There are 2 protein chains.
Amino acid sequence: MPQTQDVLFRALADPTRRAIFERLCRDGDQTVAALTARAGVSQPAVSKHLGVLKQAGLVRDRHAGRQTHYSAQPKALAPLIDWTSQMAGFWQSRFDDLEVLLKRMDQ
Amino acid sequence: MPQTQDVLFRALADPTRRAIFERLCRDGDQTVAALTARAGVSQPAVSKHLGVLKQAGLVRDRHAGRQTHYSAQPKALAPLIDWTSQMAGFWQSRFDDLEVLLKRMDQ
DNA sequence: CTAATCAATAACCATCGAGTTATGGATCGC
DNA sequence: GCGATCCATAACTCGATGGTTATTGATTAG
């Protein structure tokens with residue numbers, strides 16, 4: 001899913017958005033008002049950020065009366081982990097190839 | 001280093017830039033011309049992307065005559081890995097707390 | 001020496017995105 | 001019911017950014 005990776009990376013690229021996600025990971029369930037209180041931006045801005053995070057699958061929302069609770073969905077980070085280890089893996093394997101090559105040249 | 005994370009996430013947020021980095025991870029050392037041939041954008045655009053990746057520490061450049069070779073520096077991904085596992089960790093620990101709490105309530 | 005190639009920079013343009021204020025639609029407290 | 005509160009959406013602004021073409025400096029080839 002290259003599309004998924006794109007959405008993920010883009011969602012996490014913004015510092016305000018990343019801070020909101022971090023907060024949800026640390027402290028769990030939060031209402032929009034609670035998040036807004038610490039976000040340093042207006043409530044509509046927070047709502048928009050939450051929308052982006054939700055599209056990326058990073059958060060879930062739960063409606064309770066007139067307030068909406070959001071919670072982190074860290075499983076959504078999986079593609080990011082996969083991508084990262086894949087990049088490291090490619091590098092590693094090329095390094096191994098180099099090792100083999102050097103060893104062969106050594107004989 | 002929250003600054004570092006920011007630079008990293010932003011550098012990897014752009015698909016063209018991520019593709020360049022992926023290519024360098026897969027295939028190793030590449031000249032700007034070689035990267036441009038596959039990038040789907042102009043040479044100056046590629047140079048700019050390489051500049052951003054370099055600022056993030058994700059690539060290194062090596063000058064050889066009139067051409068510049070770039071190579072991936074996957075160690076620079078470390079802060080990204082740290083951040084990710086930290087987020088997963090926070091979530092996990094809260095989950096553990098919940099487990100404990102539930103067990104206590106169970107008695 | 002001259003022409004050609006490579007990559008970086010300059011200058012510019014268009015789009016995107018993060019922020020704002022204003023507003024509306026639900027829901028709760030009284 | 002009525003005013004207040006919570007959150008989402010609309011409409012807009014503005015700076016950042018990704019793209020382009022043009023150019024220049026450096027190096028190589030002939």
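As the structure is a prediction and not an experimental result, all values here were calculated from the model.
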Verdict with reasoning, A/Gln73 to A/Val59, per side chain to side chain contact (heavy atoms under 4.5 Å, CB included): CA-CA 5 Å; A/Gln73 208 71 10; A/Val59 301; 5.7 Å; no
Worked verdict on A/Leu35 versus A/Leu50 for side chain to side chain contact (heavy atoms under 4.5 Å, CB included): CA-CA 10 Å; A/Leu35 291 169; A/Leu50 288 168; 4.0 Å; yes
Candidate pair B/Leu12 and B/Leu58, rule side chain to side chain contact (heavy atoms under 4.5 Å, CB included), full reasoning: CA-CA 9 Å; B/Leu12 295 171; B/Leu58 286 163; 3.8 Å; yes
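Listed candidates were D/dT21, C/dA22, D/dC7. Nearest to the side chain of A/Pro44 is C/dA22. Across D/dG19, C/dA18, C/dT9, the shortest atom-to-atom separation from the side chain of B/Ser47 is found for C/dT9. Candidate nucleotides C/dA7, C/dG19, D/dG19 were compared by shortest atom distance to the side chain of A/Thr16, and C/dG19 ranks first. The listed nucleotides are D/dC7, D/dA11, C/dG17; the one nearest the side chain of A/Arg10 is C/dG17.
Here the straight-line distance linking atom CG of B/Asp29 with atom CZ of B/Arg62 works out to 4.5 Å at 0.5 Å rounding.
Nucleotide D/dT9 holds its C1' atom 14 Å from the NZ atom of A/Lys54, rounded to whole Å. For A/His49 and D/dA8, the NE2 to P distance is 13 Å, given to the nearest whole Å. Separating the CG atom of A/Leu12 from the P atom of C/dA18 is a distance of 12 Å, rounded to the nearest angstrom. Atom CG of B/Leu35 is separated from atom C1' of C/dA8 by 15 Å (rounded to the nearest Å). Rounded to whole angstrom, the span from the CZ atom of A/Arg18 across to the C1' atom of C/dA18 amounts to 14 Å. Whole-Å rounding puts the A/Asp14 CG to D/dG15 C1' distance at 14 Å. Atom-to-atom, CD of B/Gln43 to C1' of C/dA10 comes out at 13 Å; the value is rounded to the nearest Å. Between the CD1 atom of B/Ile20 and the P atom of C/dA7 there is a distance of 13 Å, given to the nearest Å.
Remark: B/Arg60 CZ is loosely packed, at most 12 non-hydrogen atoms of other residues, nucleotides or ligands lying under 6.0 Å away.
Inspection of the A/Thr31 and A/His69 side chains reveals no N or O donor paired with an N or O acceptor under 3.5 Å.
Using the six-membered ring where Trp is involved, B/Trp83 and B/Phe9 have ring planes that are perpendicular, over 60° apart on the 30 and 60° scheme.
For D/dG19, its base sits under 3.5 Å from the side chain of B/Lys48 at one donor and acceptor pair at least.
Taking for each of B/Ala34 and A/Val41 the nucleotide of DNA chain C with the nearest heavy atom, the 5'-most of the two is the partner of B/Ala34.
Nucleic acid contact class of A/Thr36 (heavy atoms, under 4.0 Å, all strands): none. Here A/Ala33 lies in heavy-atom contact (under 4.0 Å) with sugar-phosphate atoms only.
At the phosphate of C/dG19, neither OP1 nor OP2 sits under 4.0 Å from any side-chain N or O atom of A/Ser42.
Within residues 61-71 of chain B, the residues that have a heavy atom under 4.0 Å from DNA chain D are, in order of number, B/Gly65, B/Arg66.
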